[in-house]
Amino acid sequence: MLPRLNDVPLPARALGLAGLIPFVACAAAVWTTVPLLQIEGTRLLMGYSAVILTFLGGVHWGKALADRPVLNGEIDGDLNWLRLGWSVTPSLVAWIALLMSPVAALILFMAAFVAAFLVDRQAVRIGFFPEWYLPLRKVLTLGVLACLIATLIRFRIEAGV
């Protein structure tokens with residue numbers, strides 16, 4: 001039987017869903033008619049997207065290190081370059097996105113959140129993360145994407161495209 005959102009431990013579910021609040025608030029601000037709220041909503045959405053994307057990479061770093069004991073100052077076993085390499089990639093992508101125009105950044109953030117979900121899906125499949133992690137990540141990724149898409153649509157409307 002496939003895990004459902006109700007199978008996610010309550011603290012992870014509650015805190016994860018609460019993490020969507022800034023995304024929703026920022027996307028809503030962009031849709032107001034108050035220019036200052038639109039500008040600040042966009043700025044805060046970009047910053048929060050970068051923070052959360054970085055967090056998603058950090059989850060992989062922490063798990064990779066937790067799986068490998070340290071002996072004599074060295075990590076025991078073959079700490080996979082791919083695992084640790086991926087864990088820092090979201091931070092680098094987020095930093096690059098913050099240097100871009102808002103429209104380009106929104107597109108890059110959307111692609112990055114999809115990529116992070118696909119990596120997490122594979123991580124669950126190979127047993128790196130518990131099965132309940134996938135339905136949580138799916139709901140959260142869809143929520144984030146909805147907010148980023150809504151913001152992108154607003155930019156396209158403003159630009160008359």
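Just so it is clear, the structure is predicted and the values come from calculations on it, not from any experiment.
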Rounded distance [0.5 Å steps], [atom1] in [X] versus [atom2] in [Y]:
{"X": "L140", "Y": "K138", "atom1": "CG", "atom2": "NZ", "value": "12.5 Å"}
{"X": "T141", "Y": "I52", "atom1": "OG1", "atom2": "CD1", "value": "11.0 Å"}
{"X": "L15", "Y": "L20", "atom1": "CG", "atom2": "CG", "value": "12.0 Å"}
{"X": "I149", "Y": "L106", "atom1": "CD1", "atom2": "CG", "value": "10.0 Å"}
{"X": "F155", "Y": "I107", "atom1": "CZ", "atom2": "CD1", "value": "11.0 Å"}
{"X": "L44", "Y": "I39", "atom1": "CG", "atom2": "CD1", "value": "11.5 Å"}

Testing the basics here: between [X] and [Y], what is the closest heavy-atom pair and its distance to 0.1 Å?
{"X": "A105", "Y": "A97", "result": "CB-O, 3.2 Å"}
{"X": "L108", "Y": "M100", "result": "CD2-SD, 3.5 Å"}
{"X": "A64", "Y": "L84", "result": "CB-CD2, 3.9 Å"}
{"X": "A12", "Y": "W132", "result": "CB-CZ3, 3.8 Å"}

Donor-acceptor pair, T89 side chain versus G85 backbone, under 3.5 Å? yes
With no hydrogens and no angle check, is any side-chain donor or acceptor of Q38 less than 3.5 Å from a backbone partner on T32? yes
Can you get from [X] to [Y] by hopping between Ile, Leu, Val, Met, Phe, Trp and Tyr side chains that sit under 4.5 Å apart?
{"X": "L92", "Y": "Y48", "result": "no"}
{"X": "F55", "Y": "M46", "result": "yes"}
{"X": "L98", "Y": "V30", "result": "no"}
{"X": "M110", "Y": "V144", "result": "yes"}
{"X": "L17", "Y": "L10", "result": "no"}

Heavy-atom side-chain proximity of [X] to [Y] below 4.5 angstrom:
{"X": "T151", "Y": "C26", "answer": "no"}
{"X": "Y133", "Y": "V59", "answer": "yes"}
{"X": "V103", "Y": "R156", "answer": "yes"}
{"X": "T54", "Y": "P90", "answer": "no"}
{"X": "F117", "Y": "L134", "answer": "yes"}
{"X": "L56", "Y": "R137", "answer": "yes"}
{"X": "H60", "Y": "V119", "answer": "yes"}
{"X": "F113", "Y": "S49", "answer": "yes"}

Should L36 and E40 be marked as a side chain to side chain contact (heavy atoms under 4.5 Å, CB included) after you check the CA-CA gap, both sets of side-chain angles, and the distance that decides it? CA-CA 6 Å; L36 182 60; E40 286 302 303; 4.1 Å; yes
Can you list every pair that meets salt bridge (charged side-chain N to carboxylate O under 4.0 Å, His left out) and has a residue in residues 19-37, with sequence neighbours left out? none
If you draw a 6.0 Å radius around CH2 in W31, do more than 12 non-hydrogen atoms from other residues or ligands fall strictly inside? yes
